[in-house]
Number of protein chains: 2
Amino acid sequence: MPAAATPRKDEDDRLQPVFRALADPTRRRILRDLAREPASIAEVASRFEMSRPAVVKHLAILREGGLIAVAPRGRERINVLKPDNLKSASQWLSFFDAFWDDKLAKLKHAVETDYARSKKR
Amino acid sequence: MPAAATPRKDEDDRLQPVFRALADPTRRRILRDLAREPASIAEVASRFEMSRPAVVKHLAILREGGLIAVAPRGRERINVLKPDNLKSASQWLSFFDAFWDDKLAKLKHAVETDYARSKKR
DNA sequence: ATAACGTGAAACCAAAAGGTTTCACATGCC
DNA sequence: GGCATGTGAAACCTTTTGGTTTCACGTTAT
């Protein structure tokens with residue numbers, strides 16, 4: 001099992017607006033809702049207690065993260081899930097897959113025993 | 001392919017500190033570094049331009065997210081990657097797997113064509 | 001013992017986040 | 001035309017975030 005490539009910095013820059021968008025529970029819920037079906041701004045906002053402008057701001061951040069697309073329909077603006085960047089985030093996380101099974105046990109063991117008294121410099 | 005279960009709210013609560021921890025590029029870099037090998041606070045801080053207390057705060061947030069564990073070794077505190085919650089975040093994202101291939105095309109098509117003029121209420 | 005090292009923790013600060021209310025404007029329906 | 005609806009956007013407020021400097025304390029090495 002070859003070591004997974006370390007994510008590079010510029011790749012991380014690209015992912016920053018994605019992880020930022022995912023950091024808020026309201027935005028995550030919006031994503032789940034839009035996964036079921038596209039919805040206008042008013043429809044999305046109606047599912048939350050907060051004001052519509054607050055929801056609009058969340059939608060803007062989701063758009064900055066490239067997680068949703070917006071299509072005008074008459075006087076409405078329909079928001080659609082755009083899962084591509086979710087996939088990118090998922091792939092970033094998959095970098096750690098190797099450690100879930102492979103290295104985790106080793107590292108844990110290392111710290112809890114030998115590592116604790118070796119490594120003098 | 002059965003529809004993936006919708007993530008529940010309390011599950012999302014549990015994931016909040018994880019996504020919060022992942023939202024900062026410094027913290028993501030720390031995770032990558034610790035994936036290579038455990039390190040003391042001083043060692044981690046030495047890799048960044050910012051002050052040590054700033055790094056300590058980031059480590060605290062990573063700990064709150066359950067993404068790292070800390071083991072004292074003499075006067076040092078060794079930080080170790082704890083990937084379990086990364087896996088949880090990864091699984092949350094995998095909820096959208098279905099849409100990457102299955103529904104995406106449909107939704108896109110729906111919005112761009114028929115959806116645009118149907119759905120009167 | 002004393003000096004150096006690693007850490008903890010407080011006080012402080014500027015900027016960003018997340019929310020509100022308010023008002024203007026465009027579109028669709030009667 | 002006129003009114004209701006959907007949206008955009010500004011101004012404002014409070015809390016959180018991410019950083020700093022400073023100092024105290026425990027541990028290790030000489």
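All values below come from the heavy atoms of this structure, side chains included, with hydrogens, waters and symmetry mates left out. In this text the structure is predicted, and so the values were computed from the model without any measurement. Residue numbering restarts at 1 for every chain, and letters A, B, ... go by the order of the sequence lines.
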Next item on the list: Name the nucleic acid region contacted by B:Ala42, choosing base, sugar-phosphate or nothing; use a 4.0 angstrom heavy-atom cut-off, strictly under.
Entry: sugar-phosphate
Item checked: Spacing of CZ belonging to B:Arg75 relative to CZ belonging to B:Arg73, to within rounding of 0.5 Å -> 11.0 Å
Next item on the list: For DNA chain D, find the residues of residues 46-53 of chain B with a heavy-atom distance under 4.0 Å and give them by number; none if there aren't any.
Entry: B:Met50, B:Ser51, B:Pro53
Notebook entry, point to check: Atom CD1 of B:Ile78 and atom P of C:dC5: how far apart are they, to the nearest Å?
Noted result: 17 Å
Notebook entry, point to check: In terms of side-chain heavy atoms of A:Thr26, which of D:dG19, C:dG19, C:dG6 is nearest?
Noted result: C:dG19
Next item on the list: Could you tell me which non-hydrogen atom of A:Pro38 sits nearest to which non-hydrogen atom of A:Glu43, and how far apart they are?
Entry: O-OE1, 4.4 Å
Next item on the list: Taking A:Ser94 for its side chain and A:Asp97 for its backbone only, find out whether a donor-acceptor pair lies under 3.5 Å.
Entry: no
Check: When the distance from CD1 of A:Ile61 to P of C:dG19 is rounded to whole Å, what number comes out?
Finding: 9 Å
Checklist line | Interatomic distance where CG belongs to B:Leu59 and C1' belongs to D:dG19 [whole Å] | finding: 15 Å
Checklist line | Atom-pair distance (CD1 on B:Ile41; P on D:dT27), nearest Å | finding: 15 Å
Check: Can you name the side chain to side chain contact (heavy atoms under 4.5 Å, CB included) partners of B:Arg63, sequence neighbours left out?
Finding: B:Leu59, B:Ala60, B:Ile68, B:Val70
Checklist line | A:Phe96 to B:Arg32 - nearest heavy-atom pair and separation | finding: CZ-N, 4.1 Å
Notebook entry, point to check: Just how far, in rounded Å, is P of C:dG18 from NE2 of A:His58?
Noted result: 6 Å
Checklist line | Donor-acceptor under 3.5 Å (B:Asn85 side chain, B:Leu67 main chain) | finding: no
Taking only distance into account, with no hydrogens and no angle test, what donor-acceptor pairs under 3.5 Å do side-chain atoms of residues 20-29 of chain B form with protein atoms, sequence neighbours excluded?
| residue | atom | partner | partner atom | Å |
| --- | --- | --- | --- | --- |
| B:Arg20 | NH1 | B:Glu64 | OE1 | 3.3 |
| B:Asp24 | OD1 | B:Thr26 | N | 2.8 |
| B:Asp24 | OD1 | B:Thr26 | OG1 | 3.4 |
| B:Asp24 | OD1 | B:Arg27 | N | 3.3 |
| B:Arg27 | NE | B:Ala21 | O | 2.8 |
| B:Arg27 | NH1 | B:His58 | ND1 | 3.1 |
| B:Arg27 | NH2 | B:Arg20 | O | 3.2 |
| B:Arg28 | NE | A:Asp12 | OD1 | 3.1 |
| B:Arg28 | NE | A:Asp12 | OD2 | 3.3 |
| B:Arg28 | NH1 | A:Gln16 | OE1 | 3.1 |
| B:Arg28 | NH1 | B:Leu22 | O | 2.6 |
| B:Arg28 | NH2 | A:Asp12 | OD2 | 2.8 |
| B:Arg28 | NH2 | A:Gln16 | OE1 | 2.5 |
| B:Arg29 | NH2 | B:Arg47 | O | 2.5 |

Notebook entry, point to check: Where the side chain of A:Arg27 is defined as all heavy atoms beyond and including C-beta, which of C:dT20, D:dG19, C:dG18 is the nearest nucleotide?
Noted result: C:dG18
Notebook entry, point to check: Which nucleotide in the list C:dG8, C:dG18, D:dT28 gets nearest to the side chain of B:Arg75?
Noted result: D:dT28
Note to self: Looking at every non-hydrogen atom in both residues, tell me the closest pair between A:Asn79 and A:Ser40 and how far apart they are.
What the structure shows: ND2-C, 3.7 Å
Margin query: On the nucleotide D:dG8, are OP1 or OP2 found under 4.0 Å from the side-chain N or O atoms that A:Arg77 carries?
Written below: yes
Next item on the list: Measure from CG on B:Asn79 to C1' on C:dG6 and round the result to the nearest Å.
Entry: 12 Å
Check: Looking at five pairs on each end of the helix from C:dA1-D:dT30 to C:dC30-D:dG1, what is the angle between the two axes, given to 10 degrees?
Finding: 30°
Notebook entry, point to check: Do B:Val80 and B:Leu34 have side chains that get closer than 4.5 Å, going by heavy atoms?
Noted result: no
Checklist line | Nearest-angstrom distance from the residue atom CZ of B:Arg20 to P of C:dA16 | finding: 17 Å
Item checked: Test side chain to side chain contact (heavy atoms under 4.5 Å, CB included) applied to A:Ser51 - qualifying residues, sequence neighbours left out -> A:Pro53, A:Ala54
Item checked: Exam field: side chain A:Ser90 to backbone A:Lys87, donor-acceptor pair closer than 3.5 Å -> no
Measure all distances between protein nitrogen or oxygen atoms and nitrogen or oxygen atoms of nucleotides 11-13 of chain C, and list the pairs falling under 3.5 Å.
none

Next item on the list: Using only side-chain N and O atoms of B:Arg73, determine if any of them is under 4.0 Å from OP1 or OP2 of D:dT27.
Entry: no
Next item on the list: Take the protein atom CD of A:Glu64 and the nucleotide atom P of C:dA16, then report the distance between them rounded to whole Å.
Entry: 13 Å
Next item on the list: Using the rule that two of Ile, Leu, Val, Met, Phe, Trp, Tyr join whenever any of their side-chain heavy atoms come within less than 4.5 Å, decide whether B:Ile30 and B:Ile61 are in one cluster.
Entry: no
